[in-house]
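In what follows, every heavy atom counts, from backbone to side chain, and hydrogens, waters and symmetry copies are set aside.
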Amino acid sequence: MRMALGAVVVVLAGCSRPVEPKWGLTDAAAELGISFRHEPGAEGKFLMPEIMGSGCGLFDMDGDGDLDALLLQGVPSAPHQLYRNDGGRFTNVTEGSGIRPVGRGMGVAVGDFDNDGRPDLLITAFGGSALYRNLGGGRFAESGQRIPGPWPTSAAFFDYDRDGWQDLAVLNYVDFTEAGNKQCLAATGELDYCTPRAYRPLPARLFHNDRGVFREVAGAFAKALGPGLGLAVMDANGDGWPDLFVANDSMANHLWINQRDGTFVEKALESGVAYGEEGLAKAGMGVAPGDFDNDGDEDVAVLNLMNEGATLFRNNGGGDFTDVSRGSGIHTETFRFTGFGAGWLDADGDGWLDLFLANGAVTRREEQRGEAYPFAERNLLLRNAAGRLAAAGGLAETGVSRGAAFGDIDNDGDVDILVNVNRGQARVMRNDLNPERWLAVDARTGSRVEVASEGLPRQVRVSRTDGSYLSASSPRVHFALRGAVTLVLVDGRPVPAARGGGILKP
């Protein structure tokens, strides 16, 4: 199904008979044709980029209505891999695509920076970044524009000045170099990977899009340094302008509030998101905005180290947040894990957003001592029961998971997950919900979509490609349905929708 840029498309399927849906996440990578294996290039030197892992992306590169997949490699000698999706089956089309490895692959960002209607790519890497223009037909060409940064990680395209052109924010990690690699020791006296505290943190960078040409906004984020890993665009204070949430590793998080004049002010501390309720900085990696309590605004989850627990900040409105990690259950469920990729999805079709976490340790797990790569953990799906999160069963496989991208790869109405696994096979966590009734909306990135339907709470989703960890997700937003649709709003504007179904392209 082909969709025009910026158009709103509503897809409704199924009959009106309410049923208890079957659901679950199944690793279907081999079945669907994805055979990518990530290599970190670990050779016993304990270089920091080895353990950080790489991201991935789900995006419709050729406009055929199917989500294609990009998986980044961790060594410069191996290629990133691009897979074309043909009706739910993937084919490796890397050769001839124009995408090539640059340094140690880190992050993927997707956006249409030249306004030609095709999604373009930024690939960040330790050793250099590359901005690719989408030529159509699965072919890309480097734009020739340099996006500087010593160690870029997550990035996001977003129109911060609302001039119709997508600008670019890029996080940087620390001032590590291979020549300046420090030897750090575990508590046992063994060599181990250093924490980011061993190196100087770096500022994020902002680039303004001047009709397809990026120009750095000097000093935009220079007043607050941090080892940035997780990045999400969200309207934190409800004023209709995009703000930036940054998860920093071992330092306070940042919340950059858009001043609506081309500048940003950092307000994490006064907004309540710099630290958790303990008042301590945690090892922020992945970040996931989403309306977990169905009150109409986006809350934000931040994934942290084992023995820290993930943090969930509830949005109280007007730029004020409260740490509800313990009361929501997320602290207890995640305390034994180190989280990276993350995203909210309604996995069970009950109208409440559940949370998927891609987990993998960064220091040796004692129960795996003696194994070649003792960092494996299982991923988690936390089911949301009216604002209370509890781990669901069924995710038994272990690995060192890092980047996670979210989207409906088989167009069956539920959200699937692509996971890049450090020193392991990539996974496609296929959602087997297969809902009888569902609604999907394709809207311009950053749009707020609100849906009311009989028998379920009113649901709010924001169209985004950013968030998670080093990864880019599909901007399509999904809604569970049981009864008839009574209201669809896109950025506050009513969109006509048939009560009983159909496809709408206003």
Side-chain angles (χ1 to χ4, degrees), residues 25 51-53 195 229-230 232 245 247-250 253 273-293 298-315 321-348 352-368 375-404 406 417 419 421-422 427 429 467-471:
L25 297 175
I51 198 65
M52 302 308 294
T195 74
L229 289 179
F245 184 97
N248 285 313
D249 187 357
S250 77
N253 301 317
V273 296
Y275 308 99
E277 63 181 4
E278 306 92 343
L280 300 174
K282 296 184 179 181
M285 270 85 77
V287 58
D291 184 13
F292 98 100
D293 52 3
E298 287 203 301
D299 316 289
V300 61
V302 183
L303 275 56
N304 304 306
L305 273 178
M306 178 174 55
N307 298 329
E308 290 184 342
T311 308
L312 179 56
F313 295 106
R314 183 185 64 212
N315 191 336
F321 291 79
T322 301
D323 181 355
V324 295
S325 305
R326 296 180 186 275
S328 67
I330 194 174
H331 176 82
T332 300
E333 297 289 6
T334 61
F335 192 75
R336 297 179 293 111
F337 300 89
T338 294
F340 283 85
W344 296 95
L345 69 158
D346 187 359
D348 52 7
W352 293 82
L353 286 173
D354 312 299
L355 182 64
F356 177 85
L357 302 89
N359 297 319
V362 294
T363 57
R364 296 180 183 88
R365 292 192 63 103
E366 285 303 312
E367 72 275 14
Q368 297 174 35
F375 309 108
E377 296 180 350
R378 63 183 176 88
N379 298 328
L380 290 175
L381 177 67
L382 304 185
R383 294 186 71 185
N384 186 349
R388 180 73 184 180
L389 300 172
L395 298 180
E397 304 95 340
T398 62
V400 188
S401 297
R402 292 296 187 252
F406 298 78
I417 309 163
V419 181
V421 180
N422 219 32
R427 289 177 174 156
M429 305 307 298
S468 191
Y469 175 77
L470 303 177
S471 298

Give me the atom names and distance for the closest heavy-atom approach of D249 to A283.
OD1-CB, 3.2 Å
Quick one: pull up CD in E397 and CG in L395 and give me the separation to the nearest 0.5 Å.
7.0 Å
Quick one: salt bridge (Lys or Arg N to Asp or Glu O under 4.0 Å) partners of R365, sequence neighbours excluded?
E367, E377
With sequence neighbours left out, the residues meeting side-chain hydrogen bond (donor to acceptor under 3.5 Å, both in side chains) with N253 are none
I need the minimum non-hydrogen distance between S468 and A404, along with the two atoms involved.
OG-O, 2.7 Å
Would you say I417 and L25 make side-chain contact, with heavy atoms under 4.5 Å?
yes
Pair F313, V324 - check side-chain contact (heavy atoms from CB on, under 4.5 Å), show working.
CA-CA 6 Å; F313 295 106; V324 295; over 6 Å; no
What are the two closest heavy atoms between W344 and A301, and how far apart are they?
CZ2-CB, 4.0 Å
D293 side, atom CG; E298 side, atom CD - distance, nearest 0.5 Å:
11.0 Å
When rounded to the nearest 0.5 Å, the distance separating OG1 of T311 from CZ of F321 is 13.5 Å
Side chain to side chain, L381 and L355, heavy atoms closer than 4.5 Å:
no
Got a sec, which residues hit salt bridge (Lys or Arg N to Asp or Glu O under 4.0 Å) with R378, two or more places apart in sequence or on another chain?
none
Please tell me if the side chains of F245 and V287 come closer than 4.5 Å, counting only heavy atoms from C-beta onward.
yes
Of all the heavy-atom pairs spanning G53 and L470, show the shortest one and how long it is.
O-CD1, 3.9 Å
Check: N315 main-chain N/O paired with D299 side-chain donor or acceptor under 3.5 Å:
yes
Return a table of donor-acceptor pairs under 3.5 angstrom between the side chains of residues 334-342 and protein atoms on other chains or two or more places apart.
from, atom 1, to, atom 2, distance (Å)
T334, OG1, A310, N, 2.7
T334, OG1, I330, O, 2.7
T338, OG1, M306, N, 2.9

Any side-chain heavy atom of M52 within less than 4.5 Å of one from L229?
yes
Distance-only, no hydrogens or angles: does the T332 side chain make a donor-acceptor pair with backbone N or O of G329 under 3.5 Å?
no
In chain order, what residues pass the side-chain hydrogen bond (donor to acceptor under 3.5 Å, both in side chains) check against N422, with sequence neighbours excluded?
H38, Y373
Would you compute the distance between atom CD of E333 and atom CG of L389 and round it to the nearest 0.5 angstrom?
8.5 Å
Would you compute the distance between atom CG of L280 and atom OG of S250 and round it to the nearest 0.5 angstrom?
12.0 Å
Interatomic distance, L312 atom CG to S325 atom OG [nearest 0.5 angstrom]
5.5 Å
Is a side-chain donor or acceptor of R388 paired with a backbone partner of G327 at a separation under 3.5 angstrom?
yes
Qualifying salt bridge (charged side-chain N to carboxylate O under 4.0 Å, His left out) pairs, either residue in residues 322-332, two or more places apart:
E277-R326, E278-R326
Does the side-chain contact (heavy atoms from CB on, under 4.5 Å) test come out yes or no for L303 and Y469, once each step is laid out?
CA-CA 9 Å; L303 275 56; Y469 175 77; over 6 Å; no
V302 vs K282 side-chain heavy atoms within contact, under 4.5 Å
no
Would you check if R402 and M285 make a side-chain contact, meaning some heavy-atom pair closer than 4.5 Å?
no
Tightest non-hydrogen contact, residues L357 and N379, listed as O-CB, 3.3 Å
Evaluation steps, side-chain contact (heavy atoms from CB on, under 4.5 Å), between I51 and F375
CA-CA 9 Å; I51 198 65; F375 309 108; 4.2 Å; yes
So N359 and S401, side-chain hydrogen bond (donor to acceptor under 3.5 Å, both in side chains) or not? Walk me through it.
CA-CA 5 Å; N359 297 319; S401 297; over 6 Å; no
In terms of relative ring orientation, are F356 and F406 parallel, tilted or perpendicular, with 30° and 60° separating the classes?
perpendicular
The test is side-chain contact (heavy atoms from CB on, under 4.5 Å); show your working for D354 and D348 and say whether it passes.
CA-CA 8 Å; D354 312 299; D348 52 7; 3.2 Å; yes
